Amino acid sequence: MIWRIAKKEFLLNLMTFKFSIGTLLCVVLMAVFMPVLVSDYQQRLKDHHANVAANDEELHKVKVYMNITPTIYRPPTILSIFSKGLEKRLGCPAKIELYDVSQSGDIMDAVVTDEPPHLLSIFPLLDISLIFKVAMSILSLLLAYDVISGEREQGTLRLMLSNATSRAQVLLGKMSAGLMTLVLSVTMSFLVGFLILRFFSMVALSRSDYIRITLIYLVSLIFVSVIFNLGLLISCLCRRSAVSLTLGIFIWLFLAVLLPNASACLASHVKPVKATHEFDETINELNEECNKDIEKSIKGIRQRGGNESYASGAFGRKYLIICEGELKGYKQECYAMTEPIRIKYMKRIREIREGHFGTCIQQKKLARLFSQWSPMTLYENMVSVLSMTDLNNVQYLNAQVKLYTDEVIEYVRSKTNDFRSLVYFTTCTEQDWHEAVDHFLPYLEAENEAVKDRYMDEIKQWYVQKIRNMPSLDLQDFPAFIYRPPGIAQSLKGIMMHLGLLISMSVVFFGVAFVALLKYDIR
Amino acid sequence: MIRLILKKEMLENLTSLRFVMTFVLIVSLFAMGAFVFASKHTQRLHDYWTNMNKNHAAFNETADKLYKIALYNQHVCSKPNVLTLCAEGFEKCIPNTFSFNALSKTYPTHRGRMNDLLSGFFDLDWSFVVSLFLSFAVLVFTYDSFSGEKQSGTLRLILAGSIARHSVLLGKYMGVMVTIGLPLLVGLLTSLIIVSAYGRAPIGITGWSKMLVIIFLSFLYLSTFACLGMFVSSRTSQPVNGIVILLFMWIILVILIPGSGRIFATLSAKVPTQAEMRRSVNDFTQELAEGLINDKYGRNAYFSGPNRDDPLFNPPARAQYYTTRTNGVKKMIDEYIEKMIRQVVMGRLFTRISPTATYRSACETIAGTGLTRFCDLRRQVADYQNNLKEFVHVKDAADTDSLHLLIDEASTAQWWKTISHDPVDFQTVPQFKERTPALGEALKEAIWDIGVLILFNLLFFGAAHVSFLMYDVL
């Protein structure tokens with residue numbers, strides 16, 4: 001009997017206007033947005049390759065170890081088309097620095113080191129999960145809202161129940177039919193999207209990507225079933241389909257739009273983050289403390305002066321190319337004392353930044369806690385985890401960046417004998433200094449202006465040649481950053497709680513609908 | 001007759017479940033939004049004044065020497081605007097701090113209490129409540145305007161009398177507008193009462209008049225959806241088909257089209273990525289540095305030291321190098337920001353096929369928040385920077401000991417007196433003061449958006465009218 005009811009309902013659903021319009025809309029939206037999102041991904045991937053290549057090129061130009069300040073770029077993931085999540089945050093480059101360099105008062109230094117702004121954040125993010133969250137959930141609700149109340153209004157419900165058909169069978173039959181209809185819609189939309197992704201956009205997918213896409217499909221099915229059961233519950237509680245429709249769409253509006261946005265708003269009110277100026281003050285205080293410690297540490301070193309000259313190096317930094325012997329010795333002693341102090345303070349500043357980020361994470365988690373009563377939020381969170389654009393991924397990446405920074409520091413420390421070696425900060429050898437003196441002496445001794453100019457031109461030519469011929473460091477053993485994305489098992493672990501909640505919601509809605517139907521007046 | 005129909009529609013709507021739900025939801029949203037805004041505004045004002053006073057105090061300390069005033073890096077923030085209650089304009093994501101001195105500048109940044117993990121969510125401002133919830137509610141009130149009456153058989157009874165169709169149409173339209181106007185006005189009033197009760201968000205006359213304009217825009221926007229709802233209702237014979245079409249249209253117009261603004265923006269204009277921009281600036285400064293060594297800016301521009309009379313040094317050549325560098329970087333930053341703004345504007349242009357995007361953009365422009373404010377503030381900062389530079393130039397000209405070379409290099413300014421070292425009366429130094437645009441200026445900027453909303457209204461009302469004239473009432 002359940003199967004007969006289900007078959008009848010399923011065929012009826014297929015012939016309804018709402019099913020055709022809803023499914024057509026979802027398929028069209030998928031067909032329209034998938035190529036656009038994939039094209040955006042391909043552009044991001046292209047930019048990523050260009051950034052990595054530029055970074056490698058800079059590494060090849062490094063002349064001294066203190067200039068090693070590479071930038072880490074996380075490759076964009078194709079699955080971000082399903083859920084943008086925190087992809088923007090994950091896509092932010094992470095600069096590896098041996099110490100905090102935000103101490104220079106020169107505004108030009110800020111231009112070179114600061115992150116240029118981006119105004120596109122004023123637009124909301126669009127991804128495939130939004131289409132499902134909004135369009136597919138509305139379709140589910142529209143299929144379910146008049147399942148019981150509509151039949152009651154038409155008078156067919158009492159006819160059905162006047163036979164030897166139990167209410168449970170009716171409900172199960174209708175639920176099965178609804179879910180079968182939704183499976184068809186979801187599958188068609190997914191299929192269209194997948195075909196475009198695979199065959200028209202020529203995107204390479206790994207085995208892990210295929211598994212994740214399958215999981216996203218399954219999660220989408222569970223999501224629409226929750227909304228359907230919610231609609232079913234509303235239908236069992238109302239006597240008129242107009243009332244169940246009104247109630248249904250207001251509840252949808254509350255769950256899909258109000259709850260997520262209000263939760264974020266409330267979370268920022270309940271758990272505010274520190275203002276940038278408070279944060280900067282703390283960092284400035286630490287930098288001042290660092291400078292004082294450095295001053296104290298080099299007090300005991302005998303000060304020696306001399307002539308020096310800097311050249312532009314890799315990563316926009318300068319390096320010491322010519323330096324008088326005494327001054328070089330003084331700097332060498334100083335760096336051996338100061339660099340460990342700078343690194344110590346860099347780590348403290350990093351802790352403060354992590355602390356600030358920790359507050360942001362707590363605020364985000366609070367917002368999530370407030371909004372997890374919404375199936376839409378649960379669905380979005382699950383798709384985000386499976387697409388590797390969720391908060392855990394951000395924390396995971398940050399942890400990898402931190403480990404890599406420490407690895408780079410250890411590498412530089414080992415290559416420069418704890419920052420004591422000359423190669424840490426200068427390329428100038430004794431021979432270089434003698435060459436400089438040999439070139440400058442005639443200039444200083446010349447009395448004729450024209451002769452002075454001639455010597456100055458020779459000095460400049462020699463200097464330019466020196467810079468051009470300066471060999472780069474051999475960094476073949478420099479540690480490479482390899483981004484290790486979380487495995488599928490880890491992602492599954494990440495969605496377990498949300499999946500459990502979603503399935504529980506579905507069961508509870510159905511259970512309450514069943515109880516409501518048992519007491520439902522069918523006349 | 002229109003009045004009779006209006007009265008009947010109103011009574012029917014006011015006693016319905018959908019009105020009760022709409023009223024409770026809307027008023028609660030306005031109240032919640034007002035509470036959150038009031039406390040955040042207080043915090044933002046505190047942060048703003050802390051920053052500005054610190055900036056001012058540090059600026060004051062530089063008054064002992066003119067060159068320090070010229071090279072002092074100011075950080076100017078936008079003042080928290082009370083009209084973010086009406087339209088927040090994604091100000092939590094847009095740069096709000098400009099760092100510059102009299103001669104150069106860097107990128108604008110965002111300073112505040114931003115959490116970029118939550119930046120994708122809307123604030124509960126008026127435009128959010130109206131554009132999402134009230135537009136939805138209007139569709140719920142209008143989807144069965146004609147099809148519902150046709151199904152119940154009352155439409156043919158109404159039209160059997162000597163009532164013109166356009167009277168019915170107008171009566172229903174006004175009925176919906178009055179019905180939806182009630183929760184809107186009560187919600188707005190609640191919001192204003194809560195904000196006023198906090199007492200820390202005074203709204204001046206300009207603010208009040210801008211609010212009135214925003215309220216008018218809200219009615220215009222909701223009227224668009226009322227006309228759309230009636231049009232769809234007059235095209236369908238069954239209300240359920242009408243609501244299906246309207247719900248999906250709402251999803252497309254209110255959520256998907258505004259959401260695809262970013263896609264349109266990136267497709268329409270290519271802006272360098274942040275990494276590309278950094279590389280370009282690096283390459284430019286390196287190229288200049290090479291020119292420095294090769295005497296491109298004059299002999300010995302490369303050298304500097306404490307003794308300005310040393311024949312090795314060539315201050316004018318060094319000044320030329322620094323001026324080229326500063327102006328070049330400024331130009332690159334300006335071009336980058338112009339490209340970004342153009343990209344966003346193009347994205348918004350495409351999304352204007354949605355009344356929601358048009359309405360939100362109009363509200364932002366009138367309220368003076370969002371992108372409009374960023375562009376305006378940028379212009380004001382540029383003007384102020386020019387005034388400050390002019391001030392330094394005039395004061396410097398009076399000092400015969402100065403080399404009169406306004407360059408952004410602190411060491412040579414100190415050693416060589418490229419800029420005068422004379423003390424300056426701080427009261428005479430130009431101070432930055434943000435100017436809020438007047439209502440007339442805001443209206444001028446928003447005129448296209450208002451025009452588009454009026455056009456939507458005329459289009460949908462006309463379509464509803466024509467459709468209803470041909471509607472089979474049997």
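Labels below follow one simple rule: chain letters A, B, ... track the order of the sequence lines, proteins then strands, and each chain is numbered from 1. Everything numeric in this text was worked out from a predicted model, so none of it was measured.
Using a 4.5 Å cut-off between heavy atoms, B/P258 contacts chain A through its backbone alone, with no side-chain atom that close. Interface remark: A/A367 contributes side-chain atoms only to the contact with chain B (heavy atom separation under 4.5 Å). With a 4.5 Å cut-off on non-hydrogen atoms, A/E278 touches chain B through its side chain but not through its backbone. Heavy atoms closer than 4.5 Å to chain A are found in both the backbone and the side chain of B/V344. For a residue to count as touching a neighbouring chain, one of its non-hydrogen atoms must lie under 4.5 Å from one of that chain's; by this rule B/K339 does not touch chain A. In this structure, the portion of B/Y302 lying under 4.5 Å from any heavy atom of chain A is its side chain and not its backbone. The parts of B/D47 that come within reach of chain A are both its backbone and its side chain, each placing non-hydrogen atoms under 4.5 angstrom from that chain. Using a 4.5 Å cut-off between heavy atoms, B/I252 touches chain A through its side chain atoms alone. Looking at B/E409, there are no atoms closer than 4.5 Å to chain A (heavy atoms on both sides), in backbone or side chain. Neither the backbone nor the side chain of B/F284 comes within less than 4.5 Å of any heavy atom in chain A. With a 4.5 angstrom heavy-atom cutoff, A/V134 touches chain B via backbone and side-chain atoms both. Proximity to chain A (any heavy atom under 4.5 Å) is shown, for B/A410, by neither the backbone nor the side chain. Using a 4.5 Å cut-off between heavy atoms, B/M340 touches chain A through backbone and side chain atoms alike. With a 4.5 Å cut-off on non-hydrogen atoms, A/Y310 touches chain B through its backbone but not through its side chain.
Residue with the most contacts toward chain A among B/G261, B/G148, B/A137: B/G261 (heavy-atom pairs, distance under 4.5 Å). Across A/L247, A/L258, A/N55, A/D146, the residue that shares the most heavy-atom pairs under 4.5 angstrom with chain B is A/L258. The residue among B/F374, B/F303, B/F133, B/F128 with the most heavy atom pairs within less than 4.5 Å of chain A is B/F133. Ranked by heavy-atom pairs under 4.5 Å with chain B, the list A/T246, A/L29, A/L120 is led by A/L120. Per-residue counts of heavy-atom pairs under 4.5 Å with chain A were compared for B/R262, B/Q343, B/H75, B/Q43; the largest is that of B/R262. For chain A, the option among B/I94, B/T273, B/L17, B/L247 with the highest count of heavy-atom pairs below 4.5 Å is B/L247. Ranked by heavy-atom pairs shorter than 4.5 Å toward chain A, the options B/I263, B/L371, B/N294 are led by B/I263. Note: B/L312 leads B/T351, B/I337, B/T266, B/L312 in heavy-atom pairs under 4.5 Å with chain A.
With 3.5 Å as the limit, one finds a donor-acceptor pair spanning the side chains of A/S268 and B/K40.
In this view, B/N241 and A/F17, B/T236, B/Q238 satisfy the side chain to side chain contact (heavy atoms under 4.5 Å, CB included) rule, not counting sequence neighbours. In this view, A/T23 and A/S185 satisfy the side chain to side chain donor-acceptor pair (under 3.5 Å) rule, not counting sequence neighbours.
A salt bridge between A/D280 and B/R111 is present, with a side-chain N of the basic residue lying under 4.0 Å from a carboxylate O of the acidic one. We find that B/R279 and A/E57 are not joined by a salt bridge, their nearest charged nitrogen and carboxylate oxygen being 4.0 Å or further apart. A salt bridge between A/D457 and B/R299 is present, with a side-chain N of the basic residue lying under 4.0 Å from a carboxylate O of the acidic one. Between A/R468 and B/E290 there is no salt bridge, since no side-chain nitrogen of the basic residue lies less than 4.0 Å from a carboxylate oxygen of the acidic one.
In plain terms, the two heavy atoms of A/G22 and B/F248 that are nearest each other are CA-CZ, 3.5 Å. Taking all atoms of both residues into account, the shortest heavy-atom contact from A/L126 to B/G259 is CB-O, 3.6 Å.
Using cut-offs of 30° and 60° for the angle between ring planes, the A/F250 and B/F136 rings count as perpendicular.
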Worked verdict on A/F123 versus B/F264 for ring pair (Phe, Tyr, Trp, His ring centres under 6.0 Å):
CA-CA 10 Å; A/F123 292 114; B/F264 288 132; 9.3 Å; no
side-chain contact (heavy atoms from CB on, under 4.5 Å) for A/K133 and B/I255? Distances and angles first, verdict last.
CA-CA 11 Å; A/K133 238 176 23 179; B/I255 296 184; over 6 Å; no
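Here the options are A/H356, A/Q362, A/Q363, the test is side chain to side chain donor-acceptor pair (under 3.5 Å), and the partner is B/N115; only A/Q363 passes.
For A/K452, the NZ atom sits in a packed shell: over 12 heavy atoms of surrounding residues, nucleotides or ligands are nearer than 6.0 Å.
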